[in-house]
**Q** 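One structure coming up, written as structure tokens, with questions to follow.
Model, not experiment: these values are computed from the prediction. Worth knowing before you read on, the calculation uses all heavy atoms, side chains too, and leaves out hydrogens, waters and symmetry mates.
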Amino acid sequence: MEKVKSLCNKMHFAIGFCQMAFPHLSRIRNIGITAHIDAGKTTLTERILFYSKKIHKIGEVDDGSATMDYMPQEQERGITITSAATTLTWKNHEIHLIDTPGHVDFTIEVERSLRVLDGVVAVLCAVGGVEPQTETVWRQADRYQVPRIVFVNKLDRIGANFTRAVDMVKQKLGAHPVVIQIPMMAGDECLGVVDLIHMKSLSWDKSTFGSEIHVQDIPSSFLEDALVARRSMLESAAEMHEELLEHYLEYEDLDEKQILRGLRIGTISNTFVPILCGSALKNIGVQPVIDAVIDFLPSPLDVPPVTGINPLTGFEEQRLPKLSEPLSALAFKVSMDQGRKATYLRIYSGELRAESEIYNATRGVKERVARLFQMHANKRERIESAPAGSIALAVGLKDTITGDTVTDISSPIILESVDLYKPVISIAIEPETRADQEKLYATLEKIAVEDPSFNYSENQDTGQLLISGMGELHLEIILDRLKREYGVAVRSGKPQVLYKETVLSSGQAHVRFDREIHDVRHIGDLTLSVSPTQRGGGYVFENAIPSDLLSSDLLNFIEQGAREAMLAGVVAGNEAIDIQVTLHELGSDVASMTGLGLKVAAGQACKEACEKASPVLLEPFMTVEVTIPDEYVGEVIADLNSRKGRLEEVSPLSGSSVIRAVLPLATMFGYSTSLRSITQGRGIFSMQYSHYDSKS
């Protein structure tokens with residue numbers, strides 16, 4: 001605890017100093033809204049835009065009029081598919097907001113948004129609590145150390161349980177929740193919330209769509225619970241700073257400024273997570289969420305300076321969020337608008353100007369910014385410059401893709417890139433007409449540039465064109481976009497699982513390659529072995545030969561040959577993973593060996609060694625969570641067992657049951673239809689990638 005207090009005291013001093021030095025940046029917030037699908041994230045975003053006067057009419061997800069869900073596919077399905085950015089103002093603060101998808105098939109959209117955001121509003125459904133995609137997104141935010149606040153939504157629904165949702169934040173997410181609001185419930189109706197910081201009740205006027213807030217004394221029926229919850233909140237806030245703790249121990253209370261100060265320090269340091277509540281659809285509790293974004297989530301000055309590698313020196317460097325610093329910006333998303341490429345950038349230092357020349361340090365090429373825009377969903381507002389701390393859309397960057405760093409050419413730096421996801425499912429497609437065939441490959445390339453979790457390839461054995469993605473819905477959206485957005489009609493086959501390969505035991509092989517190619521004799525003579533690593537261990541190459549016997553250039557050729565052999569596979573042409581390749585010996589005539597000879601020998605030796613090491617196919621397994629009425633539990637479990645599922649947990653949920661199981665992806669095709677049939681349309685399920693394992 002003493003270490004935490006010391007860290008928080010230093011952080012608080014740094015925050016105060018930076019805000020005095022750079023007042024404009026202290027009023028910027030770069031935030032994302034994240035949630036499991038159907039938790040109400042886009043509905044909350046719509047209200048935030050309305051109350052901040054960014055829009056003048058509330059759109060709804062159900063009727064396809066939500067501002068941030070602008071794609072036809074989003075409007076028809078009532079889900080968010082692509083992350084959408086906007087900028088709004090609230091109490092003299094500038095908030096850059098990204099509304100992210102909640103479906104597991106579009107996790108890459110969340111990943112690349114979290115990479116550049118300073119804070120997150122995590123939305124939970126008061127009925128479902130922490131759901132599978134909530135956990136996935138939370139772990140992503142943990143990886144980038146993004147501070148969070150939580151909004152427990154849908155308190156108007158039957159079965160809503162605020163206390164249970166808060167407990168799940170602690171149990172399932174491993175976070176320390178600090179409740180700063182409690183709901184005022186009358187049966188299944190949410191009357192409003194109790195603000196524990198100011199100790200007032202808040203209710204929202206229905207006739208003004210929640211624009212007017214009634215602030216009153218706390219009703220006696222909620223006062224006791226409010227006092228207990230406030231005591232816990234005060235203790236958490238006081239522990240964040242020595243001065244606050246001394247005051248609390250002496251007076252057993254803190255004033256409003258002291259509470260806000262302690263909560264802000266704790267949130268930014270990721271010590272705890274403030275919990276708010278309400279019902280976005282009923283316009284309850286939204287404005288306090290925007291206040292909490294300003295009060296608790298960090299400005300660009302409150303997060304550590306961005307670090308990266310200088311490609312000229314190889315040393316790590318920092319960039320402060322100042323205009324006087326050299327430009328550094330990360331491209332976190334690429335989109336195609338009417339066939340033209342546009343790049344979303346988070347500017348970390350310096351200033352990005354329209355019509356300026358910049359340097360892509362990742363690829364070593366110069367780029368020119370033709371125009372700059374500030375985004376509001378799919379609408380653009382042209383701007384002349386984007387300073388440090390802001391998010392902007394640049395047009396004209398031809399070679400820049402997701403994860404690239406753009407900088408001043410005189411002061412290059414390469415920032416940490418964006419983690420990408422490999423596809424797990426494929427389908428074969430073919431163009432319907434010759435005209436479609438001519439446009440197909442160019443169109444697929446545009447989509448692949450836009451979406452790093454999508455790729456396409458031609459099967460060398462069958463000649464089929466395969467498109468690959470994160471799930472059935474992902475590929476369904478791609479096919480719809482091909483036809484509707486790009487005017488390319490294709491026929492598609494049934495989904496196919498992307499298998500991998502590995503070995504179950506060890507194997508060793510010796511290969512001598514000696515051949516004349518284009519009048520040059522190429523020799524390679526080596527012995528290597530393969531052995532399995534733990535699941536998720538990936539590909540590992542080890543060199544057991546002393547460095548004085550083998551130059552680094554020749555070693556690179558050997559490693560390249562081994563890696564290419566792993567990509568080609570040994571069982572059925574799938575990529576081999578979770579394998580360690582170890583180089584043991586070279587032939588006696590090392591001086592006569594060539595790079596190409598060693599590369600070919602390494603590839604052949606890998607293949608032979610794998611054939612001796614019990615090679616097997618691996619298939620993707622999915623974590624599936626099914627929510628159904630209690631009367632269908634037996635039938636649903638039986639159906640999952642028939643699909644080779646491994647049951648992990650069955651838990652009650654307000655008259656329903658939640659079944660959690662792990663199943664092979666290959667058995668899950670068409671499951672939505674089967675579940676609807678078994679439960680008469682009353683069951684829902686979610687699915688996310690778990691791991692690769694031996695084919696069942």
Side-chain angles (χ1 to χ4, degrees), residues 67-77 79-86 98-101 105-113 115-116 329-346 354 360 362-363 365 367-382 391-404 406 418 420-421 423 429 431 435-457 465 467-470 473-490:
T67 305
M68 304 299 274
D69 286 350
Y70 57 85
M71 292 176 64
Q73 295 85 353
E74 294 176 316
Q75 294 165 354
E76 291 168 1
R77 291 168 173 79
I79 62 171
T80 302
I81 293 171
T82 183
S83 55
T86 189
I98 297 180
D99 179 31
T100 65
D105 282 15
F106 310 106
T107 297
I108 182 62
E109 291 287 330
V110 186
E111 180 79 32
R112 56 188 180 182
S113 296
R115 169 63 184 84
V116 299
L330 185 72
F332 67 94
K333 178 176 177 176
V334 173
S335 66
M336 292 291 176
D337 185 7
Q338 298 178 346
R340 299 193 65 186
K341 183 179 175 183
T343 308
Y344 287 83
L345 297 166
R346 163 67 194 267
N360 184 324
T362 307
R363 307 197 172 276
V365 296
E367 295 267 45
R368 184 165 186 82
V369 181
R371 295 187 300 280
L372 275 179
F373 298 93
Q374 195 172 79
M375 295 301 297
H376 176 50
N378 60 336
K379 298 177 182 177
R380 300 177 175 183
E381 178 186 339
R382 191 162 178 174
I391 292 173
L393 182 76
V395 174
L397 307 184
K398 296 179 180 179
D399 297 314
T400 301
I401 62 172
T402 299
D404 286 357
V406 297
V418 179
L420 303 180
Y421 292 82
I429 63 171
D436 293 322
Q437 183 175 7
E438 292 173 354
K439 294 191 293 183
L440 181 57
Y441 279 93
T443 302
L444 291 176
E445 180 60 28
K446 289 178 180 178
I447 295 175
V449 168
E450 222 177 359
D451 182 355
S453 63
F454 164 80
N455 64 37
Y456 65 96
S457 61
L465 177 61
I467 62 171
S468 307
M470 300 300 293
L473 179 61
H474 187 196
L475 294 182
E476 182 184 323
I477 298 298
I478 296 293
L479 293 175
D480 190 52
R481 290 187 62 197
L482 280 173
K483 184 175 182 179
R484 187 183 305 196
E485 194 174 321
Y486 293 97
V488 179
V490 298

**Q** Where do V110 and P101 come nearest, in terms of heavy atoms and distance?
**A**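 Closest approach of V110 to P101, heavy atoms only: CG2-O, 3.4 Å.
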**Q** So L345 and L397, do their side chains get closer than 4.5 Å, heavy atoms only?
**A**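 A side-chain contact under 4.5 Å exists here.
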**Q** Should E485 and K446 count as an ion pair when the cut-off is N to O under 4.0 Å?
**A**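 Salt bridge between E485 and K446, a charged N being under 4.0 Å from a carboxylate O: no.
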**Q** As a quick check of understanding, evaluate side chain to side chain contact (heavy atoms under 4.5 Å, CB included) for E367 and T400, giving each step before the final call.
**A** CA-CA 8 Å; E367 295 267 45; T400 301; 2.8 Å; yes
**Q** Check whether any side-chain N or O of Q437 sits under 3.5 Å from a backbone N or O of P431 as a donor-acceptor pair, and report yes or no.
**A**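 Flag not set: sc Q437 to bb P431 has no pair under 3.5 Å.
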**Q** When you measure from the centre of the six-membered ring of F373, is the NZ or CZ of R380 closer than 6.0 Å and no more than 45° off the axis?
**A**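 Flagged: R380 positioned over aromatic ring of F373.
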**Q** Looking at side-chain heavy atoms only, is the closest gap between T402 and R112 below 4.5 Å?
**A**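 Contact flag for T402/R112 side chains = yes.
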**Q** Would you say V490 and L465 make side-chain contact, with heavy atoms under 4.5 Å?
**A**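 No, too far: nothing below the 4.5 Å cut-off.
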**Q** Hey, what do you get for CD1 (I478) to CD1 (I447), rounding to the nearest 0.5 Å?
**A**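 Output value for this atom pair is 5.0 Å.
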**Q** Checking side-chain contact (heavy atoms from CB on, under 4.5 Å) between V488 and each of L444, T443, I429, which is the one that passes?
**A**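 Single pass found, and it is T443.
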**Q** Counting distance only, does the side-chain N/O of R115 pair as donor-acceptor with the main-chain N or O of V418 below 3.5 Å?
**A**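 No: the side chain of R115 does not pair with the backbone of V418.
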**Q** I'd like to check R371 versus R382 (side-chain heavy atoms, cut-off strictly below 4.5 Å). Are they in contact?
**A**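 A side-chain contact exists here, since the closest heavy-atom pair is under 4.5 Å.
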**Q** Rounded to the nearest 0.5 Å, what separates atom CG in D480 from atom NZ in K483?
**A**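 If I round to the nearest 0.5 Å, the distance is 8.5 Å.
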**Q** Looking at every non-hydrogen atom in both residues, tell me the closest pair between A342 and L393 and how far apart they are.
**A**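 A342 and L393 have their closest heavy atoms at CB-CD1, 3.7 Å.
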**Q** Could you grab the distance from atom CD1 of I391 to atom OG1 of T86, nearest 0.5 Å is fine?
**A**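 That separation rounds to 11.0 Å.
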**Q** Output the distance between atom OH (Y486) and atom CG (L440), rounded to the nearest 0.5 Å.
**A**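 Rounded to the nearest 0.5 Å, the OH-CG separation comes out at 12.5 Å.
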**Q** Any heavy-atom pair between the side chains of F454 and H474 that's under 4.5 Å?
**A**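 With C-beta onward as the side chain, the pair touches.
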**Q** Where do L372 and A392 come nearest, in terms of heavy atoms and distance?
**A**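 Smallest interatomic distance, heavy atoms only, reads CD2-CB, 4.3 Å.
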**Q** V406 vs V369, test: side chain to side chain contact (heavy atoms under 4.5 Å, CB included). Steps then yes/no.
**A** CA-CA 11 Å; V406 297; V369 181; over 6 Å; no
**Q** Ignoring hydrogens and angles, tell me if any N or O in the side chain of E109 forms a donor-acceptor pair with the backbone of S83 under 3.5 Å.
**A**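 Yes; at least one donor-acceptor contact below 3.5 Å.
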**Q** Against E450, only a single residue in K333, K341, R481 fulfils salt bridge (Lys or Arg N to Asp or Glu O under 4.0 Å); can you say which?
**A**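 Of the listed residues K333, K341, R481, the salt bridge (Lys or Arg N to Asp or Glu O under 4.0 Å) partner of E450 is R481.
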**Q** Quick one: does L479's side chain get under 4.5 Å of I467's, heavy atoms only?
**A**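 SC-SC contact between L479 and I467 confirmed.
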**Q** Which distance, rounded to the nearest 0.5 Å, do you find between the CG of L330 and the OG1 of T362?
**A**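 Atom-to-atom, L330:CG and T362:OG1 are 8.0 Å apart.
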**Q** Would you name the heavy atoms of A354 and A370 that are closest together and state the gap between them?
**A**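 Looks like CB-O, 4.4 Å.
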**Q** Minimum heavy-atom separation for S468 and L475, please, with both atom names.
**A**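 That would be C-CD2, 3.7 Å.
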**Q** Using 30° and 60° as the class limits, which term best fits the ring planes of F332 and Y344: parallel, tilted or perpendicular?
**A**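 Rings of F332 and Y344: tilted, 30 to 60°.
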